[in-house]
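Take a look at the structure set out below.
Everything quoted here is computed from the prediction, not taken from an experiment. Computed from heavy atoms alone, side chains included, the values below leave out hydrogens, waters and symmetry copies.
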Amino acid sequence: MPRKDKASKGILGVRKRAGTQVFAFGRHAEPLPSDESDDPDFIPEEDETSTNAASTSRNVKTKRNKEEEHASKKRKLEKRKKADPKKKDKKETESKSNPPVQLLKGWSELIPVELLMIIFQHAMKQIIGSKIPFLCRMSRVCRHWRRVASEPRLWRTVNLSTSFVKISASPAILQQLAPERLKYVRQLFLGGWSKLTDKGIEAIGQHCNELQTIGLSECESLTPQGITSLVTKCCHLTSIDVKSTNIDINCLKHIVKQLGSQLEKLWLANCSRVTGTHILPLIQENCPNLIDLDVSGTNIRKIHIEKLQAGCPKLRRLMLANLLLNSIPKTNEKSANGFPDLEVVDLSCDYYGLDRRNDQLLYRILWASKHLQMLILEGPNLITAEGFRNLPDFPLKILIYNNASYSKVAAIVEKWHHCLERLDLSSNRGVDDECMKLLSNFGMQKLKSLNLSNTIITSDGVRNVINGCPSLNHLNITSCRGLPRGVRNHHGELGIRSLPWRIAEEENSD
């Protein structure tokens, strides 16, 4: 069968007609007309040159005619304006009344500044820890959001501690942030910046004139001279955290004398270079408005409780943990007020041997404290059940006590069963099922958290706890050898409800 010519048919098999085609391509197509005026060897004929010249002359004439018409219209408009100046050009009025339509903005730029500020502030309140990563992310959305995220109102509190923000802590970062972003900061936390030097602190003192709180805990590279210069330049400071730094007694003397009565919070924990005999005398002589004092782990060996009460009567938080107290002398003059506003006291100690924590010390500190909410007594002590009963009736919410027995637990439950919300009796070999019966008999209606790890309670003790503490939502029974292995764990609210059945299943399986 003879082969048909494919070029003669179209896409759907319909035969092509040369008359209806505008252009034809392929080997059977006719050559297209072309203008060879760009070819240097091409010589136009006389007819072609005459037609080209005629066309160019016509184009020139039409161009001149258009220019003349435009000029005549312009002259007529000028004459009208001179004759009647009130009349304006119709096009001008239309252009003014109807300005050119701008391009539509994105939704992120249409939010008003004040509304966006409220949104940012509400979001920052929900964030636990540092808010700075949130502001940095918001500033990358658009220019409008960047301007709002840079507002000084959002940079009043800046937490750049390494425990909250993954940042390469260096003085160069502070030198870059201080002139603009930290210019109006009031609370600045730089905890854990072990490489922070005096240059970074100098930038803060130079630019942060409104600074009120500074946190420099564990800034090991800082010198006492750098901290001294910062206190000198930032005259509005009311709170200083220099825990685990190289501060010395001269620097402490400059701090308490420079700030004096405006100082409200002073944290000196684990500052081993400060001479212990001068710490409390300097504080109680120069800081009458102090409300928060932390001298845990320092070289203090002697405490005059009554002198401290007379010098700092407004204390609300007193941290005296891990102090090797050799003597606690008692003065004849008793302070008139004691610590009436005290809310938190820490008398923990990890050292055995020279222990002065007894009923007398506890009463001398707390005899006038009617608002105490948290008491920490970890480690060895000589406090008895009578010592707890002799304390004033303050609304204690949190008690951490690691040297308990049945009589002491009975005194604690009897005195504070109506207000305790958190009770930590961990690492007490004297806490057993009989102690748990006390919780069930008195009824701990407000207790939410109970730590019984490393005690000798059994399944009966756990049942008594669940029956006597209806609001319990956290129970720690790790390392309790008297319980089945499968339930020795942390339990939340749902786990506590199902704990009796789980204990029964474990016991039956054994």
Verify, without hydrogens or angle tests, whether His122 (side chain) and Ile118 (backbone) share a donor-acceptor contact under 3.5 angstrom.
no

Thr384 vs Asp359, test: side-chain hydrogen bond (donor to acceptor under 3.5 Å, both in side chains). Steps then yes/no.
CA-CA 7 Å; Thr384 63; Asp359 297 344; 2.5 Å; yes

Could you give the distance from OG1 (Thr275) to CG (Asp248), rounded to the nearest 0.5 Å?
8.5 Å

Are there more than 12 heavy atoms of other residues, nucleotides or ligands under 6.0 Å from atom CD of Gln373?
yes

Verdict with reasoning, Asp341 to Ile291, per side-chain contact (heavy atoms from CB on, under 4.5 Å):
CA-CA 9 Å; Asp341 299 326; Ile291 62 174; over 6 Å; no

Below 6.0 angstrom between ring centroids: does that apply to His474 and His490?
yes

Glu210 (side chain) donor-acceptor with His236 (main chain) under 3.5 angstrom
no

Is a side-chain donor-acceptor pair under 3.5 Å present for Asn454 with Arg429?
yes

Whether the side chain of Lys408 engages the backbone of Asn403 through a donor-acceptor N/O pair (distance < 3.5 Å, no angle test) should be reported.
yes

Within the supplied structure, the quantity of interest is the number of heavy atoms (other residues, nucleotides, ligands) at a distance under 6.0 Å from Lys415 NZ; does it exceed 12?
yes

Less than 4.0 angstrom from a charged side-chain N to a carboxylate O is my criterion; do Arg389 and Glu386 meet it?
yes

Could you check whether atom CZ of Arg273 has more than 12 heavy atoms from other residues, nucleotides or ligands sitting under 6.0 Å from it?
yes

Can you see which heavy atom on Leu282 is nearest to which on Asn286, and at what distance?
O-ND2, 2.8 Å

Between Asp346 and Arg317 (salt bridge meaning N to carboxylate O under 4.0 Å), is one present in this structure?
no

Specify the closest pair of heavy atoms between Cys349 and Arg357, including all atoms of both residues, with the distance to one decimal.
CB-CZ, 3.5 Å

Pair Lys437 + Glu434, salt bridge at N-O below 4.0 Å
yes

Just checking, is any N or O donor in the side chain of His254 or Thr232 under 3.5 Å from an acceptor N or O on the other one?
yes

Under 3.5 Å, is there a donor-acceptor pair between the side chain of Asn489 and the main chain of Ile477?
no

Residue from Ile466, Asp460, Asn464 passing side chain to side chain contact (heavy atoms under 4.5 Å, CB included) with Val462
Ile466

Ignoring hydrogens, what is the shortest heavy-atom contact between Phe134 and Phe120? Give both atom names and the distance.
CE2-O, 4.0 Å

Do the ring planes of Phe388 and Trp416 sit parallel (below 30°), tilted (30 to 60°) or perpendicular (above 60°)?
perpendicular

Where the side chain of Trp193 meets the backbone of Leu160, is there a donor-acceptor pair that is under 3.5 Å apart?
yes

Is a side-chain donor-acceptor pair under 3.5 Å present for Asp198 with Thr223?
yes

Quick one: does any side-chain atom of Asn246 pair with a main-chain N or O of Glu220 as donor and acceptor, under 3.5 Å?
yes

Regarding Arg485 and Glu506, does a basic nitrogen lie under 4.0 Å from an acidic carboxylate oxygen?
no

Can you tell me if Arg146 has over 12 outside heavy atoms packed within less than 6.0 Å of its CZ?
no

Value rounded to 0.5 Å, distance of CG in Asn322 from CG in Leu347:
11.0 Å

